[in-house]
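Down below is the structure, laid out as structure tokens.
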Protein chains: 2
Amino acid sequence: MTGSKATPLRSAPQQPCEPIACAQCGVYRLCLPLGLLEVDLSLLESVVRRKVTYKRGQLIFRPGDRFDFIYAIRSGSVKTSVQTSDGRLQITGFHLAGELLGLSALDSRSYSCEARALETTSACMVEAERLEELAQKIPSIQYQMLRIMSGHIRRDEDLILLLGKRSAEERLAEYLLGLSRRFASRNYSPTQFRLSMSRGDIGNYLGIAEETVSRILSRFQNAGLVAIDRRQVRLIDLGQLEAMACINAA
Amino acid sequence: MTGSKATPLRSAPQQPCEPIACAQCGVYRLCLPLGLLEVDLSLLESVVRRKVTYKRGQLIFRPGDRFDFIYAIRSGSVKTSVQTSDGRLQITGFHLAGELLGLSALDSRSYSCEARALETTSACMVEAERLEELAQKIPSIQYQMLRIMSGHIRRDEDLILLLGKRSAEERLAEYLLGLSRRFASRNYSPTQFRLSMSRGDIGNYLGIAEETVSRILSRFQNAGLVAIDRRQVRLIDLGQLEAMACINAA
DNA sequence: CTGCCTAATTGATTCAGGTCAAAAGCAACA
DNA sequence: TGTTGCTTTTGACCTGAATCAATTAGGCAG
């Protein structure tokens with residue numbers, strides 16, 4: 001659990017209440033404002049309360065906290081996790097710039113999962129109540145919210161499939177390819193990137209042991225599929241990785 | 001995979017286009033119309049196209065089908081599943097009366113999972129486009145949709161935790177208790193019910209082998225926690241089951 | 001009632017991946 | 001530049017649950 005010190009570490013994040021301009025934001029086309037007219041956009045901006053910055057390992061929210069904000073990641077990355085009552089923790093998502101956090105709280109008005117920054121991360125806090133009001137007035141915002149939640153459900157289905165039916169090797173291959181795709185859609189290199197998750201976190205997320213992650217990554221490296229130096233990754237044979245993600249080509 | 005014949009079996013379901021009255025529906029308070037004013041309710045009813053009936057094993061929709069309808073279960077039960085490209089199938093949900101199917105299609109306009117009736121099942125087909133339009137006009141409908149999707153995400157998180165971190169025994173205990181709670185909220189006995197899923201389906205859903213399901217149920221029975229006769233279940237020691245669902249008390 | 005089909009149980013054996021243990025790399029910092 | 005404290009890698013061994021293989025038990029058509 002990289003950076004997730006046992007202590008909650010909820011020291012107040014930096015809070016420069018600077019105004020937010022979605023149009024200027026680099027991930028605007030992956031986020032809520034996608035497809036909004038300029039008028040609507042400025043209304044949306046009016047419910048974005050402030051930009052906050054979190055340091056590696058810092059808590060953003062945790063289960064039971066009152067649901068006041070949806071968080072939109074501007075830069076950096078965040079892990080979300082849920083826990084059994086006896087303390088075992090399962091990471092449910094690994095979120096990059098442009099993604100929204102806290103959507104599963106809408107139903108019960110309190111967060112159901114914990115969110116923690118994996119590296120220095122900047123986010124917009126969107127006032128949940130006012131966003132909902134706004135969604136009622138502006139169809140395109142409402143549509144965006146529904147789309148985003150629908151997409152979230154779909155990604156959860158993929159993770160469920162992965163956890164339920166795939167071998168450790170397939171899980172890792174799929175994981176690397178998933179990152180690759182997501183970096184690509186953010187205009188980063190799809191073949192060369194830095195992992196912000198530790199081996200432990202990756203294993204936890206994929207439902208396998210940390211040691212297994214290490215072993216399999218080594219195996220991939222020896223097979224010439226990837227080059228890995230600590231957290232720096234280079235994908236060499238995408239095709240082979242894709243084959244492996246489905247039919248465990250061992 | 002009970003009842004899921006290899007053949008799609010998409011013979012047209014019975015389609016009496018009878019008008020629907022939500023207020024008359026037994027699961028009205030678990031479904032979309034919850035909390036709507038009478039005026040709004042009749043508007044909602046106007047987008048409910050028809051009631052359909054499916055027989056055990058019959059396909060409701062499958063991945064790639066164009067997304068035209070959200071389905072609301074009136075009675076019976078449905079399983080949803082996703083597949084790897086090499087054909088392994090993972091059941092992602094087991095849905096009872098009052099629940100909505102197809103929400104993960106909203107983003108891409110085509111279903112991402114397959115839905116199949118587990119027994120004779122009756123459902124309302126709600127026109128997706130028109131429901132979205134309506135949600136834009138009627139805040140309470142919109143709110144309901146967001147809530148329902150949020151709840152869906154939350155339940156997916158629970159399944160992810162189960163698949164990622166729990167032992168086979170805990171999974172079964174949790175599964176039985178989950179059913180119990182859901183039957184209770186539908187005014188059925190929480191301690192005595194009939195499983196509409198086969199052992200194979202249950203195992204698939206929980207990420208364990210059919211044989212393991214059988215073995216563990218026998219173990220539960222021997223330990224006096226439950227009484228099981230084929231698909232008929234009686235929960236005897238809820239407390240013990242709850243303890244087991246968390247801390248594998250073996 | 002009888003035979004057939006599918007679902008469920010139970011036993012024996014195997015294995016993927018977990019757990020435990022130790023060593024090696026790297027980074028931060030006094 | 002050595003010390004401290006991670007994170008990662010690697011090895012040895014173990015185990016929970018999968019797989020393989022019968023067997024049993026209902027459900028139902030004729």
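Proteins come first, then strands; the chains are lettered A, B, ... in the order of their sequence lines, and each starts at number 1. Quantities reported herein were computed from a predicted structural model and do not represent experimental measurements.
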For the pair made of [atom1] in [X] and [atom2] in [N], what is the distance, rounded to whole Å?
{"X": "B/Arg56", "N": "D/dC28", "atom1": "CZ", "atom2": "P", "result": "10 Å"}
{"X": "A/Ile228", "N": "D/dT8", "atom1": "CD1", "atom2": "P", "result": "11 Å"}
{"X": "A/Arg231", "N": "D/dT7", "atom1": "CZ", "atom2": "C1'", "result": "8 Å"}
{"X": "A/Glu169", "N": "C/dG18", "atom1": "CD", "atom2": "P", "result": "13 Å"}
{"X": "B/Gln221", "N": "C/dA8", "atom1": "CD", "atom2": "P", "result": "14 Å"}
{"X": "B/Ile202", "N": "C/dT9", "atom1": "CD1", "atom2": "P", "result": "9 Å"}
{"X": "B/Arg230", "N": "D/dT24", "atom1": "CZ", "atom2": "C1'", "result": "11 Å"}
{"X": "A/Leu195", "N": "D/dT9", "atom1": "CG", "atom2": "C1'", "result": "15 Å"}

For [X], all residues meeting salt bridge (charged side-chain N to carboxylate O under 4.0 Å, His left out), sequence neighbours excluded:
{"X": "A/Arg234", "result": "none"}
{"X": "B/Arg182", "result": "B/Glu99"}
{"X": "A/Arg181", "result": "none"}
{"X": "A/Glu119", "result": "none"}

Is there a side-chain polar atom (N or O) of [X] under 4.0 Å from OP1 or OP2 of [N]?
{"X": "A/Arg199", "N": "D/dT9", "result": "yes"}
{"X": "A/Ser167", "N": "C/dA16", "result": "no"}
{"X": "B/Ser218", "N": "C/dT9", "result": "no"}
{"X": "A/Thr212", "N": "C/dG18", "result": "yes"}

For nucleotides 3-5 of chain C, tabulate all protein N/O to nucleotide N/O atom pairs closer than 3.5 Å, reporting atom names and distance.
none

For the student: nearest non-hydrogen atoms of A/Ser150 and B/Asp107, plus distance
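Taking every non-hydrogen atom into account, OG-N, 3.0 Å.
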
Residue pairs, two or more places apart or on separate chains, that pass side-chain hydrogen bond (donor to acceptor under 3.5 Å, both in side chains) and touch residues 206-215 of chain A
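Those involving residues 206-215 of chain A do not exist here.
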
Within the sub-3.5 Å range, which N or O atoms of nucleotides 20-22 of chain D have a protein N or O partner, and how far apart are they?
residue, atom, partner, partner atom, Å
D/dC20, N4, B/Glu211, OE2, 3.1

Can you sort out the partners of B/Phe183 under ring-ring contact (aromatic ring centres under 6.0 Å, His included), two or more places apart, ordered by chain and number?
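If we apply the ring-ring contact (aromatic ring centres under 6.0 Å, His included) test to B/Phe183, skipping adjacent residues, the hits are B/Phe193.
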
A/Tyr111: which residues meet the ring-ring contact (aromatic ring centres under 6.0 Å, His included) condition with it, sequence neighbours left out?
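Result, ring-ring contact (aromatic ring centres under 6.0 Å, His included) vs A/Tyr111: A/Phe61, A/Phe67.
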
Side chain to side chain donor-acceptor pair (under 3.5 Å) with B/Thr121: which residues, sequence neighbours excluded?
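Here no residue qualifies.
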
Under the rule for side chain to side chain donor-acceptor pair (under 3.5 Å), what residues qualify as partners of B/Ser180, not counting sequence neighbours?
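Side chain to side chain donor-acceptor pair (under 3.5 Å) check on B/Ser180 returns nothing, list empty.
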
A/Ile208 near the nucleic acid: base, sugar-phosphate alone, or nothing, with a heavy-atom cut-off under 4.0 Å?
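Contact class for A/Ile208: sugar-phosphate only.
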
Base, sugar-phosphate or nothing for B/Gly203? Non-hydrogen atoms, less than 4.0 Å.
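The residue B/Gly203 makes no contact with any strand.
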
At what angle, to 10 degrees, do the two end axes of the helix from C/dC1-D/dG30 to C/dA30-D/dT1 meet, given five pairs define each axis?
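It comes to 40° between the two terminal axes.
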
Whichever of A/Ala209 and A/Asp229 has its nearest DNA chain C nucleotide further upstream toward 5':
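It is A/Ala209 whose nearest nucleotide is closer to the 5' end.
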
Are B/Lys79 and B/Asp201 ion-paired here, with the side-chain N under 4.0 Å from a carboxylate O?
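Between B/Asp201 and B/Lys79 there is a salt bridge, with a charged N closer than 4.0 Å to a carboxylate O.
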
Quick one: do the A/Thr84 and B/Arg166 side chains pair a donor with an acceptor below 3.5 Å?
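B/Arg166 and A/Thr84 do not have a side-chain donor-acceptor pair below 3.5 Å.
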
